[in-house]
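Quick one: the structure is below, questions incoming.
So that the names make sense, note that chain A is the first sequence line, chain B the second, and so on, each numbered from 1. Owing to the predicted nature of the structure, the values given are computational and were not obtained by experimental measurement.
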Amino acid sequence: MAKNFVTRDEDYSQWYNDIVIKADMAETSAVRGCMVIKPYGYAIWEMMQAALDKMFKDTGHVNAYFPLFIPKSFFSKEANHVKGFAKECAVVTHYRLKNDENGGGIIVDPDAKLEEELIVRPTSETIIWDTYRKWVQSYRDLPLLINQWANVVRWEMRTRLFLRTAEFLWQEGHTAHATKIEAEQEARKMLDVYAEFVENFMALPVRRGVKSENERFAGAENTYCIEALMQDGKALQAGTSHFLGQNFAKAFDVKFLSKENKLEYVWATSWGVSTRLIGALIMAHSDDSGLVLPPKLAPFQVVIIPIYRDDEQMLSVVQSAKKLKDLLVKHGIRVKLDDRDTQKPGFKFAEHEFKGVPIRLALGPRDLENNTVEIARRDTLTKEIISIDGIENIVIDLLNTIQSNLFNKALKFRDENTYEANSWDEFKDIIENKGGFVSAHWDGTSETELKIKEETKATLRLLPLDYGENEEAGKCIFTGKPSKGRVLFAKAY
RNA sequence: CGGGGUAUAGCGCAGUCCGGUUAGCGCACCUGCUUUGGGAGCAGGGGGCCGUAGGUUCGAAUCCUACUACCCCGACCA
């Protein structure tokens, strides 16, 4: 176990904070509620961005950039949208500072008040749809398939690094379509893209579903989501994809002439994932020795640590280590050679272990003599000495093994912590004493959903995609009224 | 926004009740020697407007007042 590091059992939330800080991913900043993402944390984000961006491009999307500031009047055009975000908006009211004549330092110049206040975007639907109005005239202009990588601000009272901060980084896709069916398919398609990313790259299994009316995005007709289970038994929403209907098209008057020469409103979607995924990544796989990263997202997949006693040994060992690195890099592996002479090997072992590097190779004088290398895997914390011949294939295989091992472990955990509840007592017992996902019958009303939340703190995470279509009908565990099917509850982040 | 707490070196803390030498400890940092296959040892060294502003006093980290910031627990959220 790592030094000065709390275990998950002792204090899960302290454990999480310690990983973020001690693995050098992020820290709190001088600005309330905002974090500094440090190079190692940002490198993970860049890995995520690269993978997602490719998936977006492969599904026909292109990137663009829209303004950080949104005129207040735009914001109020879609009633539900304002209602959802009004409480957490940062507002720009002035555009100039000046020196205080009374010696009070720099003050806001009261003469520089903006005619119209600007909202710092909490999401960009409004500014984007105001722009799309100008871009769309004909069905020939559709579909518009655009994504933007950006920062957004939601003024949160209580924050946690990566999981909830006032400013965060994300991507938001905003698409416009000629038909309802096409927009609905787009929203579903992007949900699948997210699920595929989280499962394949983050090695984290997800449940796909639909949000209840209560949890739906402000301004959406329908919100699809993926939910993942963390090691403490709490669910985390890993991504959302919204079918926006014609709500924003109507609010911003975005119309097109159809093939039949009829003027129609366009159909919309939006979808996003954020740096919160880094929080999910940490909580899904890490252990009491620190961060554990899936090979596909690890900034370094392999770290090589040279071991030597004197300068002469250092020379030959480091030289061999460099050759080893070059060989692995040639095979497309991300490798760090930690040849710092200022730290001892033991220190480096501990450091890279804490930072979650999937594979460690240690190379010393004995290895040079015997043509061997010590190979250690982060996910199982096991190590062995192997022949260095064909090391590149062994590493490639092991990276794949680790990736699937992490997924399988997370899947097993998820399945073992998914329960069916058939009575209210059973439901309460599972939520209070076990945690995890609870599949239960529900009468379909917001009222019941809220009461369940009030009494147990569990929220309705999702309705399965085939909700209402399957044969199993039952009675709501809370009210006993008829249910169209089981839905998933959990305590959530 | 409610309830509770904290503020002293880069980080973590002691000292504060009961005012009195030059404000201390651990980690980290710097220098040297010995070390190096799982977080090295010894010796020496540097670093402080004790959160801010006022007050009481011969004298304040310590007592009083106000302010500010941060943390934890609740309601909201990706």
Side-chain angles (χ1 to χ4, degrees), chain A residues 1-5 11 13-14 17-18 21-22 27-33 83-89 122-123 151-172 194 211 214-218 223 225-228 235-242 270-280 289-290 305-314 317-318 339-355 360-370 372-376 381 383-385 450 453-454 457 459 461 492-493:
Chain A
M1 206 215 312
K3 210 174 17 178
N4 300 323
F5 181 52
D11 187 343
S13 113
Q14 184 65 42
N17 290 336
D18 282 358
I21 300 295
K22 291 183 180 173
E27 62 188 34
T28 52
S29 72
V31 186
R32 180 195 180 84
K83 228 171 89 191
F85 286 104
K87 283 180 293 183
E88 49 187 23
C89 286
T123 179
N151 59 339
V152 287
V153 168
R154 296 179 187 176
W155 211 258
E156 299 287 351
M157 298 307 285
R158 292 191 55 206
T159 60
R160 291 193 70 192
L161 293 171
F162 289 121
L163 294 175
R164 189 188 301 119
T165 48
E167 180 191 16
F168 57 91
L169 305 182
W170 78 346
Q171 58 69 216
E172 44 182 326
Y194 287 154
K211 285 296 186 194
N214 225 4
E215 303 265 337
R216 193 178 291 158
F217 175 73
T223 289
C225 63
I226 50 173
E227 296 276 334
L236 185 139
Q237 178 174 305
T240 49
S241 179
H242 317 290
S270 69
W271 27 274
V273 296
S274 72
T275 38
R276 187 180 222 210
L277 287 178
I278 297 175
S289 299
I305 297 175
I307 289 155
Y308 47 81
R309 278 175 194 280
D310 48 41
D311 286 357
E312 198 187 330
Q313 280 188 353
M314 179 172 92
V317 169
V318 169
D339 58 357
R340 288 175 297 175
D341 193 31
T342 50
Q343 313 291 347
K344 293 182 38 174
F347 179 91
K348 294 177 185 177
F349 286 1
E351 179 173 284
H352 295 295
E353 190 167 287
F354 200 89
K355 293 177 97 167
R360 181 187 70 230
L361 297 175
L363 196 67
R366 284 208 298 270
D367 296 307
L368 296 198
E369 237 171 76
N370 305 329
T372 57
V373 65
E374 183 191 89
I375 186 165
L381 291 171
K383 60 183 177 186
E384 58 181 323
I385 291 170
L450 289 171
K453 181 179 174 184
E454 212 171 287
K457 287 180 184 162
T459 49
R461 299 320 303 160
Y493 277 96

Whichever of A/A350 and A/T240 has the more 5' nearest nucleotide on RNA chain B, that residue is A/A350
To the nearest angstrom, the CD-P distance between A/Q313 and B/rU36 comes to 10 Å
Which heavy atom of A/G279 sits nearest a heavy atom of A/L163, and at what distance?
->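 So the minimum-distance heavy-atom pair works out to CA-CD2, 3.8 Å.
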Identify whether any heavy atom of A/D367 sits under 4.0 Å from a base atom; if not, whether one sits that close to sugar-phosphate; answer base, sugar-phosphate or nothing.
->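 The residue A/D367 makes base contact.
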Nucleotide of B/rG37, B/rG38, B/rG39 approaching A/E351 most closely (side-chain heavy atoms) |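 Comparing B/rG37, B/rG38, B/rG39 against the side chain of A/E351, the answer is B/rG39.
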Side-chain touch A/T123/A/R154, heavy atoms, less than 4.5 angstrom | yes
Which of the following nucleotides, B/rG37, B/rU36, B/rG39, is nearest to the side chain of A/R309?
->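 Out of B/rG37, B/rU36, B/rG39, the nucleotide with an atom closest to A/R309's side chain is B/rU36.
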Considering every strand shown, what is the Watson-Crick or G-U wobble mate of B/rC67 when both distances are under 3.5 Å?
-> B/rG51
Spacing of A/D339 atom CG relative to B/rU36 atom C1', expressed in whole Å | 15 Å
Identity of whatever pairs with B/rC1 - Watson-Crick or G-U, under 3.5 angstrom = B/rG74
Take the protein atom CG of A/D341 and the nucleotide atom P of B/rU35, then report the distance between them rounded to whole Å.
-> 15 Å
Watson-Crick/G-U partner (both atom distances under 3.5 Å) of B/rG38 | none
State whether the distance check finds a donor on one side and an acceptor on the other, under 3.5 Å, for side chain A/E353 versus base B/rG38.
->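 Checked by distance alone, the answer is yes.
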Watson-Crick/G-U partner (both atom distances under 3.5 Å) of B/rU31 =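 Here B/rU31 is engaged in a pair, and the nucleotide opposite it is B/rA43.
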Are A/R360 and A/F349 in a cation-pi setup, meaning NZ or CZ lies under 6.0 angstrom from the ring centre and within 45 degrees of the ring axis?
-> yes
Whole-Å distance, A/M314 CE to B/rG37 P, equals 15 Å
A/R366 CZ - B/rG38 P separation (whole Å) |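 Rounded to whole Å, this separation is 9 Å.
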So, are A/E351 and A/R340 salt-bridged, with charged N and O less than 4.0 Å apart?
->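 Salt bridge flag = yes for A/R340 with A/E351.
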Taking the C1' atom of each, how far is B/rA14 from B/rG48, in whole Å?
-> 15 Å
Which whole-number value in Å describes the distance from A/K348 NZ to B/rU36 P?
->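 The distance from NZ of A/K348 to P of B/rU36 comes to 15 Å, rounded to the nearest Å.
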Side chain of A/K383 only, please: which of B/rG38, B/rG39, B/rG37 is the nearest?
->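 Selected nucleotide (nearest to the side chain): B/rG38.
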Using whole Å, report how far CZ of A/F5 lies from C1' of B/rC27.
->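 Whole-Å distance recorded here is 18 Å.
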In 5'-to-3' order, the base (B), backbone-only (S) or no-contact (-) status of each nucleotide in nucleotides 67-77 of chain B, using a 4.0 angstrom heavy-atom cut-off, is ---S--SBBBB
Flag if over 12 foreign heavy atoms under 6.0 Å of CH2, A/W170 =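 Yes.
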Applying the 3.5 Å cut-off to both distances, the Watson-Crick or G-U partner of B/rC13 turns out to be B/rG24
Atom pairs, protein N/O to nucleotides 2-7 of chain B N/O, distance under 3.5 Å:
none

Closest non-hydrogen atom pair, A/F162 against A/T275 = CD2-O, 3.7 Å
Take atom CD1 of A/I385 and atom P of B/rG38, then tell me their distance rounded to the nearest Å.
-> 11 Å
Among B/rG39, B/rG38, B/rG37, which nucleotide sits nearest the side chain of A/K344?
->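 Of the candidates, B/rG37 comes closest.
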